Engineer: 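Let me give you the structure first, and then I'll get to my questions.
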There are 2 protein chains.
Amino acid sequence: MGVDDQRIDLDDLTPGARKILEVASELFYEQGIHPVGVDTIAAESKVTKPILYKNFGNKDGLVAAYLRHRHDTWWPVLEAAIAAAEKPRALAFFDVYAEDAKTITRGCAYLNAAAELAEEHPAYSVIRRHKHLVRTRLAELIAEDLPDTPDPGSLADHLFLLLEGAFAHHRIYGAGLLAEGREIAEGLLRR
Amino acid sequence: MGVDDQRIDLDDLTPGARKILEVASELFYEQGIHPVGVDTIAAESKVTKPILYKNFGNKDGLVAAYLRHRHDTWWPVLEAAIAAAEKPRALAFFDVYAEDAKTITRGCAYLNAAAELAEEHPAYSVIRRHKHLVRTRLAELIAEDLPDTPDPGSLADHLFLLLEGAFAHHRIYGAGLLAEGREIAEGLLRR
DNA sequence: GGCTATGTATACAGGTTTGTAAAGTCAAGG
DNA sequence: CCTTGACTTTACAAACCTGTATACATAGCC
């Protein structure tokens with residue numbers, strides 16, 4: 001419960017619902033939420049609209065499911081990178097983001113969605129939760145790996161801003177800024 | 001020429017066009033681009049649709065004009081703050097952003113627009129230019145005020161990421177992150 | 001006076017959007 | 001054998017969207 005009661009368990013989804021979610025995830029990220037209609041999603045996934053509405057309620061529900069599913073599949077990738085990383089493990093965040101940026105070219109899906117949606121949208125809490133988890137996980141790693149840091153919370157937020165600032169501008173400045181952010185972060189952690 | 005040939009000179013606009021631009025700027029920022037229709041803009045500004053299309057061509061043209069106008073009115077405010085600031089003047093960026101954040105609550109208008117628009121959209125170059133000007137102006141101030149800095153370009157980008165990272169998350173984390181970013185920046189500049 | 005630019009009022013074309021209704025197919029499992 | 005659940009097909013309702021056409025009013029300026 002708590003967070004997990006909103007998880008999307010792919011095994012619980014019918015094949016049609018799973019296909020819809022896959023196609024919607026791809027299109028929503030590549031083109032944004034508003035430009036992609038449910039007709040397009042239904043056509044592309046070869047599953048009909050009534051099934052879409054039966055499974056996700058309405059478009060807003062599908063958007064929320066898209067972001068939840070994206071988080072749920074991405075998070076284990078992050079944790080695996082953290083588990084495999086040398087100390088200071090906080091740099092693993094930069095590596096995972098850089099790896100993502102090789103295949104996805106529109107920056108942060110959550111910030112993009114937040115820019116399009118009103119705060120009342122059911123997906124907005126998903127966005128907030130995702131960012132909150134990133135920020136707190138980063139703070140945990142700093143506190144564990146650099147226990148002698150005078151102000152670990154401030155250092156964690158410092159890295160958070162470097163990481164997220166670079167990713168937010170990925171579409172404008174490309175991957176270079178992310179690499180530069182990583183170098184700066186490395187310098188900060190060495191002291 | 002160069003950049004200025006795309007400036008929006010408010011004196012060159014007819015009263016109707018000016019009103020349209022004002023109303024569109026407000027609505028596009030507050031609600032986003034896609035949710036605001038031209039009918040709404042025409043109704044709210046009490047100027048009819050044919051005048052809107054005569055002055056701005058189409059909705060895309062109005063969106064581009066919105067961002068150009070926003071930049072053109074904001075930039076002198078920034079320059080005034082820079083002129084009035086003590087060294088290191090780079091901190092003036094944080095103060096202007098923080099002042100903005102008191103009245104506007106949806107973060108960076110340019111990142112928000114970038115998230116909604118395709119790269120082929122006529123407004124996209126306006127977004128790129130705005131961010132580029134911010135980044136280079138910041139680098140100029142660093143180079144002038146801290147001439148002994150070993151790597152001024154890297155320090156400038158460091159501040160850029162702190163500044164923009166905090167502003168990009170304004171809608172999620174509020175003004176606190178911006179204040180924290182400023183403190184971190186102050187610490188970096190003191191050395 | 002007459003030209004030009006600005007704006008109004010009204011209506012419409014043509015397309016796209018979300019969302020629903022109704023009837024029927026197909027396969028697994030008790 | 002028969003119920004249940006997943007899915008299809010087709011059609012439709014009701015908004016909403018961008019953009020245009022037509023005809024008229026008004027005011028400044030040469």
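Nothing here was measured: the structure is a model prediction, and the numbers come from that model. Below, chains carry the letters A, B, ... as their sequence lines are ordered, and counting in each starts from 1. As a basis for the values below, the full set of heavy atoms in this structure was taken, side chains included, without hydrogen atoms, waters or symmetry mates.
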Engineer: Does any pair with a residue in residues 82-98 of chain A pass side-chain hydrogen bond (donor to acceptor under 3.5 Å, both in side chains), and if so which ones, sequence neighbours excluded?
Structural biologist: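 Every side-chain hydrogen bond (donor to acceptor under 3.5 Å, both in side chains) pair that includes a residue of residues 82-98 of chain A, provided the two are not neighbours, is R89(A)-E144(A), R89(A)-D145(A), D95(A)-R182(A), Y97(A)-E164(A).
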Engineer: Hey, is the main chain of G61(A) close enough, under 3.5 Å, to the side chain of N58(A) for a donor-acceptor pair?
Structural biologist: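 It does hold such a pair.
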Engineer: To the nearest 0.5 Å, what is the distance between CG on L178(A) and CG on D100(A)?
Structural biologist: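 Spacing of CG (L178(A)) from CG (D100(A)) equals 9.5 Å.
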Engineer: Okay, side chain of K131(A), backbone of V126(A): is any donor-acceptor separation there less than 3.5 Å?
Structural biologist: no
Engineer: First and last nucleotide of DNA chain D touching chain B, 5' to 3', heavy-atom cut-off 4.0 Å?
Structural biologist: dT18(D) to dA21(D)
Engineer: Look at T14(B) and dG7(C) and indicate whether a side-chain polar atom (N or O) is within less than 4.0 Å of OP1 or OP2.
Structural biologist: yes
Engineer: Should the pair H71(A) and Y110(A) be assigned to parallel (<30°), tilted (30 to 60°) or perpendicular (>60°) ring geometry?
Structural biologist: perpendicular
Engineer: Any link between V77(A) and L163(A) through a network of hydrophobic side chains (Ile, Leu, Val, Met, Phe, Trp, Tyr) touching at under 4.5 Å?
Structural biologist: no
Engineer: Without decimals, in angstroms, what is the distance between H34(B) NE2 and dT18(C) C1'?
Structural biologist: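 Checked: the NE2 to C1' distance equals 16 Å.
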Engineer: Is there a donor-acceptor pair closer than 3.5 Å between any side-chain N or O of R18(A) and the backbone N or O of L13(A)?
Structural biologist: yes
Engineer: Can you check whether R106(B)'s main-chain N or O pairs, donor with acceptor, with Y29(B)'s side chain at less than 3.5 Å?
Structural biologist: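 Side chain of Y29(B) to backbone of R106(B): a pair is present.
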Engineer: With the threshold set at 4.0 Å, does a side-chain nitrogen-carboxylate oxygen contact exist between R128(A) and E119(A)?
Structural biologist: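 Counted as a salt bridge, because a side-chain N and a carboxylate O are separated by less than 4.0 Å.
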Engineer: Is the backbone of I33(B) close enough, under 3.5 Å, to the side chain of E116(B) for a donor and an acceptor to pair up by distance?
Structural biologist: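 Yes, because the side chain of E116(B) sits within donor-acceptor range (under 3.5 Å) of the backbone of I33(B).
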Engineer: Which atom pairs link the protein and nucleotides 19-22 of chain C when you take only N or O atoms and keep those under 3.5 Å?
Structural biologist:
| unit_1 | atom_1 | unit_2 | atom_2 | d |
| --- | --- | --- | --- | --- |
| dG19(C) | OP2 | Y53(A) | OH | 3.4 |
| dG19(C) | OP2 | K59(A) | N | 3.0 |
| dG19(C) | N7 | K49(A) | NZ | 2.9 |
| dG19(C) | O6 | K49(A) | NZ | 2.6 |

Engineer: Can you give the dot-bracket line for DNA chain D, where a pair is Watson-Crick or G-U wobble with both atom distances under 3.5 Å, crossing pairs use [ ], and | marks a partner on another strand?
Structural biologist: ||||||||||||||||||||||||||||||
Engineer: Between N55(B) (CG) and dT8(C) (P), how many Å, whole number?
Structural biologist: 11 Å
Engineer: Donor-acceptor check, side chain of T149(A) to backbone of P152(A), threshold 3.5 angstrom: yes or no?
Structural biologist: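 Not confirmed, T149(A) side chain does not pair with P152(A) backbone.
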Engineer: In residues 40-48 of chain B, which ones come under 4.0 Å of DNA chain C, going by heavy atoms?
Structural biologist: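 When residues 40-48 of chain B is checked for heavy atoms under 4.0 Å from DNA chain C, the hits, listed by number, are K46(B), V47(B), T48(B).
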Engineer: For the pair F28(A) and Y66(A), name the ring-plane relationship: parallel under 30°, tilted 30 to 60°, perpendicular over 60°.
Structural biologist: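 Ring orientation of F28(A) relative to Y66(A): tilted.
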Engineer: Which residue pairs satisfy the side-chain hydrogen bond (donor to acceptor under 3.5 Å, both in side chains) criterion with at least one member in residues 38-52 of chain B, sequence neighbours excluded?
Structural biologist: D39(B)-K49(B)
